[in-house]
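Below: the structure, in structure tokens.
Below, chains carry the letters A, B, ... as their sequence lines are ordered, and counting in each starts from 1.
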Amino acid sequence: MADRYDPRVIEPKWQARWEADRLYRAPDDDPRPKWYELAMFPYPSGDLHTGHWYHYAGADVHPRYMRMRGYNVLYPMGFDSFGLPAENAAIQRGVDPAAWTRANIANMRRQLRMMGSSFDWEREVVTSDPDYYRWTQWFFLQLHKRGLAYRAEAAANWCPGCQTVLANEQVVNGRCERSDDVVQRRFLTQWFFKITAYAEELLRYEGIEWPERIRLAQTNWIGRSEGALLDFKVDVPGVTEPLRVFTTRPDTVFGATFMVLAPEHPLVEQVTTAKQRGPVAAYVDETSRESEIERMSTEKEKTGVFTGAYAINPFNGARIPIWIADYVLVTYATGAVMAVPAHDQRDFEFATKFGLRIVPVFDSEEFDVTKPLERALPHGGRMINSGSFDGTPEAEAVAKVIAFAEQRGYGKATVNYRLRDWLISRQRYWGAPIPMIHCDVHGIVAVPEADLPVLLPENVTFEPTGQSPLTQIPEWVNVACPVDGGPARRETDTMDTFMCSSWYQMRYVDPHNPERPFSTELARKWLPVDQYTGGADHAVMHLLYTRFFWKAARDMGIVEGDEPMLRLFNQGTLLGPDGQKMSKSRGNVVAPDEQVREWGSDAFRCQLMFVGPWDQGGPYNPTGMSGIVRWLNRMWSVATEPARPLEDQASEGTRDLRRSTHRTIRAVTSDIESFRFNTLISRLMEHTTTLQRARERGAVDRSAWNEAVDSLLLMAAPLAPHIAEELWERRGGVYSIHLQRWPDFEAELAEEEQHEVVVQVNGKVRDHVIVGLGATEAEVRAAVMASVRVQEWVAGRTPRRVVYVPGKLFNIVL
RNA sequence: GCCGGGGUGGCGGAAUGGCAGACGCAGCGGACUUAAACUCCGCGGCCGCAAGGCAUGAGGGUUCGAAUCCCUCCCCCGGCACCA
């Protein structure tokens, strides 16, 4: 029986047994309270890398704990399997994206099973399966029906490498998030989702416990700003349309000395004078060729061109020039600004460069505003140069100016958001087809729900044309119009893969339903997700989209509650042994399959969790593995070796062992609930050492020993499930350890029998005294004063005061 | 520039107002062994013979007491960034 710990034997054995017994299945009809734990599903790149292990090793701990806490735990897994890599493989190597994806999924499923994670595989979803994407298409139709999906010609982010458009969220520093190509701007007619309709609600995070950094990232991304829309008359014959600007500082309107339009602004064409037509056209052309990176560079000196036209400030009738400049973005607010150089640094730089007037409209304590300014003053004291408003303090100015403008009909208070609508069209093959049909007679017609799914055709050819392969398949494109059966054409764009992952947590509750995306009853039973885990890199993409989808689904009446995931935990990034990001080019990649072959899944999981706090990530050093392996062997040893005579019931050793057991349970329970897995393991190591020592001494009570060993195995089970199960069985425990109750601790047994009080003189540690549990301050004081070392330091002086922290510390201040 | 996270032994880290360095790696010494591996025991911040002093990125402050709270600054990582 006491053979050696060999993970290569026990791990496959238990994995097979658990699967045969459907141990981790979450039954729908179960009276226990539910717990829905979800780990972000992977893209099936083909190989489970160490980053995946780091995520899923940690993610598996808490659902296992909740199961032992008596919950009916739903912990599913699946694959986010649409997307570019499959198509790139097809283009580069001529493989079929579907076959490539299937093979990758098969391999990653094998690797995930090798971890021994407690997934309920019977609920697996694969987003590129027609059974799944049929309902992604269904969601598109529901959003369309509710006016949340629309088509618009808009400047799109075009990735020349991927030959497709990107959502704003997928553009990182002007480059494609995936291929790193410099993003260009292109005007295309695209499908959008009206996520901005939920902007205000998305800023509220009521009832959810999400990390502050994620909430802040979303809040910044949504970018709410309060201000006013103001209408300026355009002093050009024939132009009646006002020039509308958004400003957060309507109180500076008297200081507006010029206007700036984005080069793409529709008014540019109408207002430009004959004389300025040449330079304006040249500037517009120049900016249209700039990449996002060039245009967005903040280091760049301001550029711009005068249109020759003027606008009239409605507040004071001033006639001010209209310029165009690329620092004004057509996509934000109205695409036009009133420039107040005295109080806005960008406008100041522009005015300085082009010799435009600078008029301060707030006085300042820092500067003499009658002299030329050296920089813009964003804040001031009271209004000046502002007609009847002069003397108004800054705090009251905005409201007063808006009220004035509203009364006269040329302005109103408004809220503007930085968030843009979600561009979901992709000119790609490997995605869910957008279920719409273009008919010359009836326009854009939705595919009837009964006709879903719109199947993705197979055996397509890939040419680097910039056109989706779908456009090259006439028998797929040409279709009967759903209204009258006349000739029509399918939409050939497919959907952004973030749509697939925006609702997958809903499908897991009823993954095989052929009639509906999921039944309302099961949604009510399982949703929302109680605990979600995944990387923080999805802060403004997946995690924002899925909240939007949920709110839309709530408004459709198919889910209840306002938020899809109640608690979120972001694990950090695991780095290579050199502290650098793991990458093949750096040669610092740790291959999980090799680690498992050499050390076993349990050891690898524990080592990953032991390197540091899970939310911080950090360097992974395989040399540290020996410490974990030593610990697992020590655990094996105390749990399998027959104990020597263990009969002394009242011994100090017995009391120490009991105390260690109950203290460890208390600490580990707290650690597991707050995802502090590194300190959890260190506490289990300490408890194991205590057991070893107790065994060597021999004089401990049998029941205390059994309680200590059983607790150790139960607490190790969520982190090292195989060895815990094996040892549990060898000790005659009831199968399975993973269905046993989590141990409880008794507070009295966890307490020390004596306190060691730290003795300080003037805040410096000079001695320690041992006192009984119930010792009064007077007793402690007596013990302290009896100390020879204390007497030496006090040297006969009278303490000015003493500070006593009961049971902990006694400080004598001289 | 703005926002967030961080800076502690040779290394990963622990301690969130009360003994700085738990736990582990690496290292050193010892036991066992013919020897090695395994295992076990012990030692490991710096200066100092010692008493003691000094140490948590730097400097200042609050406090009987600060890695922890406050102020000023430096460095590293991540996000956002001409958003009117």
When you measure from the side chain of [X], which nucleotide among [options] comes out closest?
X         : options                   : result
Arg418(A) : rG24(B), rC25(B), rC80(B) : rC80(B)
Val765(A) : rC19(B), rC83(B), rC64(B) : rC19(B)
Arg420(A) : rA26(B), rC19(B), rC83(B) : rC83(B)
Phe610(A) : rC19(B), rG13(B), rG12(B) : rG12(B)
Arg630(A) : rA26(B), rC19(B), rG13(B) : rA26(B)
Tyr327(A) : rG13(B), rC82(B), rA84(B) : rC82(B)

Below 3.5 Å between N/O atoms, which protein atoms pair up with nucleotides 42-51 of chain B? Just atom names and distances, please.
none

Report which part of the nucleic acid [X] touches: base, sugar-phosphate, or nothing (heavy-atom distance under 4.0 Å, all strands).
X         : result
Glu756(A) : base
Thr334(A) : nothing
Thr331(A) : nothing
Val813(A) : sugar-phosphate
Val805(A) : base
Arg766(A) : sugar-phosphate
Val803(A) : base
Gln345(A) : nothing

Between residues 667-679 of chain A and RNA chain B, which residues have a heavy-atom gap below 4.0 Å?
Asn678(A), Thr679(A)
Looking only at atom [atom1], what distance separates [N] and [M], rounded to whole Å?
N       : M       : atom1 : result
rC46(B) : rU56(B) : C1'   : 13 Å
rC32(B) : rG42(B) : C1'   : 15 Å
rG10(B) : rC43(B) : C1'   : 16 Å
rG44(B) : rA50(B) : P     : 13 Å

Closer to the 5' end of RNA chain B via nearest nucleotide, is it Gly618(A) or Arg800(A)?
Gly618(A)
Taking the nucleotide of RNA chain B with the closest heavy atom to each, which residue, Asn811(A) or Thr689(A), is nearer the 5' end?
Thr689(A)
How about Trp422(A) and Phe498(A): are their ring centres within less than 6.0 Å of each other?
no
Ring centres under 6.0 Å, that's the criterion: do Tyr54(A) and Tyr620(A) meet it?
no
With no hydrogens and no angle check, do the side chains of Arg634(A) and Thr689(A) hold a donor and an acceptor under 3.5 Å apart?
yes
Does a side-chain heavy-atom distance below 4.5 Å link Met685(A) with Ile628(A)?
yes
Is the closest side-chain heavy-atom distance between Ile812(A) and Trp793(A) below 4.5 Å?
no
Let me confirm one number: the CZ-CE distance from Phe604(A) to Met625(A), rounded to the nearest 0.5 Å.
6.0 Å
From NZ (Lys412(A)) to CG (Leu230(A)), nearest 0.5 Å:
11.5 Å
Can Arg249(A) and Asp344(A) be counted as an ion pair, charged N to O under 4.0 angstrom?
no
Tabulate atom names and distances for all N/O pairs under 3.5 angstrom spanning the protein and nucleotides 4-11 of chain B.
none

Could you tell me whether rG9(B) is syn or anti, where syn means a glycosidic angle within 90 degrees of zero?
syn
Which glycosidic conformation, syn or anti, is assigned to rG44(B) if syn requires a torsion within 90° of zero?
syn
